[in-house]
Amino acid sequence: MVRFKNRYVLCEVVSDDPRCRQCIEDRAVGLAVRDAIARVHGDYGLACCSVSFTVKYLNAYTGTVLLRCRKDSYRLLCSALPFVRHLESRAQRYPCALNTLHVGGTIRTCQKFLIQYNRRQLLMLLQNCTNEEERQCIQKSLLSCSLTEELSPSGDEEEDDGTETD
């Protein structure tokens, strides 16, 4: 049996309207991207990209989107992304754009790139501080962030699939 190779496209939602990021859903992003592919490449491009196209990850707080498509049609997807001009959610239209950050072969490589990208963005944010008070506030908020594993009510750690270990 042959394995189908995929490409993962990491994008960020760029919008002037702060409500846009809060209201986006994966279904809205998928429909907007499919619509852009159909406008740019027609029925052929839409058929090629729709075979394995899906929104794998969406973080509305940071505006990060991870799209999956087949390896042989990822160029069609990437060339149509600049033509996404708005997202429709809850009967409202929000003007925005999708900025392609990275194209990778696995979700893991996209995660690694996103970590490095966020570190560079935070460094730029610290360098652009106008006074020491802003710098102290940003450093304090960064140091207060931590990743901890959640414990189930029984005290046992849970695995990624939600089943408890014995």
Side-chain angles (χ1 to χ4, degrees), residues 6-71 73-131 133-147:
N6 294 315
R7 287 288 178 252
Y8 296 89
V9 181
L10 184 65
C11 305
E12 71 175 340
V13 178
V14 180
S15 176
D16 294 333
D17 189 4
R19 295 176 298 158
C20 178
R21 283 190 179 173
Q22 296 171 354
C23 296
I24 59 175
E25 300 169 345
D26 56 348
R27 187 183 62 79
V29 173
L31 289 174
V33 171
R34 282 190 179 100
D35 182 48
I37 293 170
R39 280 186 283 128
V40 174
H41 298 293
D43 290 337
Y44 173 76
L46 185 60
C48 287
C49 291
S50 291
V51 173
S52 176
F53 176 76
T54 185
V55 178
K56 293 299 283 184
Y57 174 74
L58 171 69
N59 188 336
Y61 182 71
T62 61
T64 305
V65 180
L66 186 64
L67 307 171
R68 182 189 74 187
C69 69
R70 288 266 174 93
K71 181 180 177 180
S73 62
Y74 82 94
R75 288 190 180 113
L76 294 173
L77 173 67
C78 290
S79 65
L81 287 178
F83 294 97
V84 174
R85 298 284 182 220
H86 62 273
L87 294 175
E88 287 188 37
S89 180
R90 300 184 186 113
Q92 291 186 347
R93 185 177 265 195
Y94 300 102
C96 68
L98 290 179
N99 182 21
T100 304
L101 299 176
H102 181 72
V103 177
T106 62
I107 295 175
R108 177 87 175 136
T109 59
C110 292
Q111 287 175 334
K112 287 180 181 179
F113 175 82
L114 189 59
I115 291 169
Q116 292 298 326
Y117 177 77
N118 287 334
R119 283 183 181 162
R120 287 192 304 265
Q121 293 295 328
L122 289 172
L123 183 61
M124 285 177 33
L125 184 66
L126 280 173
Q127 290 173 348
N128 292 335
C129 289
T130 57
N131 58 22
E133 182 180 332
E134 286 181 2
R135 183 180 298 272
Q136 294 285 337
C137 182
I138 291 172
Q139 288 177 344
K140 181 181 175 185
S141 64
L142 286 176
L143 292 175
S144 68
C145 296
S146 65
L147 296 175

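Numbers here are sequence positions counted from 1.
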Please report the closest heavy-atom contact between [X] and [Y], naming both atoms and the distance.
{"X": "C110", "Y": "L10", "answer": "O-CD2, 3.8 Å"}
{"X": "L87", "Y": "A28", "answer": "CD2-O, 3.9 Å"}
{"X": "A36", "Y": "A80", "answer": "CB-O, 3.6 Å"}
{"X": "R85", "Y": "P82", "answer": "NH1-O, 3.2 Å"}
{"X": "C96", "Y": "S15", "answer": "CB-CB, 3.8 Å"}

Distance from [X] atom [atom1] to [Y] atom [atom2], nearest 0.5 Å?
{"X": "R90", "Y": "I24", "atom1": "CZ", "atom2": "CD1", "answer": "10.5 Å"}
{"X": "L66", "Y": "Y8", "atom1": "CG", "atom2": "OH", "answer": "7.5 Å"}
{"X": "C11", "Y": "L77", "atom1": "SG", "atom2": "CG", "answer": "7.0 Å"}
{"X": "D17", "Y": "R93", "atom1": "CG", "atom2": "CZ", "answer": "14.0 Å"}
{"X": "K71", "Y": "N6", "atom1": "NZ", "atom2": "CG", "answer": "10.5 Å"}
{"X": "C129", "Y": "Q136", "atom1": "SG", "atom2": "CD", "answer": "10.0 Å"}

- Message: Does anything in residues 38-58 form a salt bridge (Lys or Arg N to Asp or Glu O under 4.0 Å)? List the pairs, not counting sequence neighbours.
- Response: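 Residue pairs with at least one partner in residues 38-58: D35-R39.
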Residue pairs passing the side-chain hydrogen bond (donor to acceptor under 3.5 Å, both in side chains) test with at least one member in residues 95-106, sequence neighbours excluded, are E12-N99, T106-T109
As a quick check of understanding, evaluate side chain to side chain contact (heavy atoms under 4.5 Å, CB included) for I37 and L76, giving each step before the final call.
CA-CA 7 Å; I37 293 170; L76 294 173; 5.6 Å; no
- Who pairs with D26 by salt bridge (Lys or Arg N to Asp or Glu O under 4.0 Å), at least two apart in sequence or on another chain?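 Testing D26 for salt bridge (Lys or Arg N to Asp or Glu O under 4.0 Å), a comparison that skips the adjacent residues, returns none.
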Self-check item: Any donor-acceptor N/O pair, R135 side chain to L126 backbone, under 3.5 Å
Solution: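 Indeed, once roles are kept as given, a pair shorter than 3.5 Å links the two residues.
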### Message
The test is side chain to side chain contact (heavy atoms under 4.5 Å, CB included); show your working for V103 and C78 and say whether it passes.
### Response
CA-CA 9 Å; V103 177; C78 290; 3.9 Å; yes
So for atom [atom1], which belongs to [X], do other residues, nucleotides or ligands contribute more than 12 heavy atoms lying within a distance under 6.0 Å?
{"X": "F113", "atom1": "CZ", "result": "yes"}
{"X": "E133", "atom1": "CD", "result": "no"}
{"X": "R120", "atom1": "CZ", "result": "yes"}

R27 meets the side-chain hydrogen bond (donor to acceptor under 3.5 Å, both in side chains) criterion, sequence neighbours left out, with none
query = How would you list, by chain and number, every residue that makes a side-chain hydrogen bond (donor to acceptor under 3.5 Å, both in side chains) with Y94, sequence neighbours excluded?
reply =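 So Y94 forms a side-chain hydrogen bond (donor to acceptor under 3.5 Å, both in side chains) with Q92.
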Quick note, ring-ring contact (aromatic ring centres under 6.0 Å, His included) partners involving residues 42-62, not counting sequence neighbours, are none
Assess the residue pair L98 and V33 against the criterion (side chain to side chain contact (heavy atoms under 4.5 Å, CB included)); give the C-alpha distance rounded to whole Å, side-chain angles, the decisive distance to 0.1 Å, and a yes or no.
CA-CA 9 Å; L98 290 179; V33 171; 3.8 Å; yes
TODO: Give the C-alpha distance, both sets of side-chain angles, the deciding distance and a yes or no for side chain to side chain contact (heavy atoms under 4.5 Å, CB included) between T62 and N118.
DONE: CA-CA 10 Å; T62 61; N118 287 334; over 6 Å; no
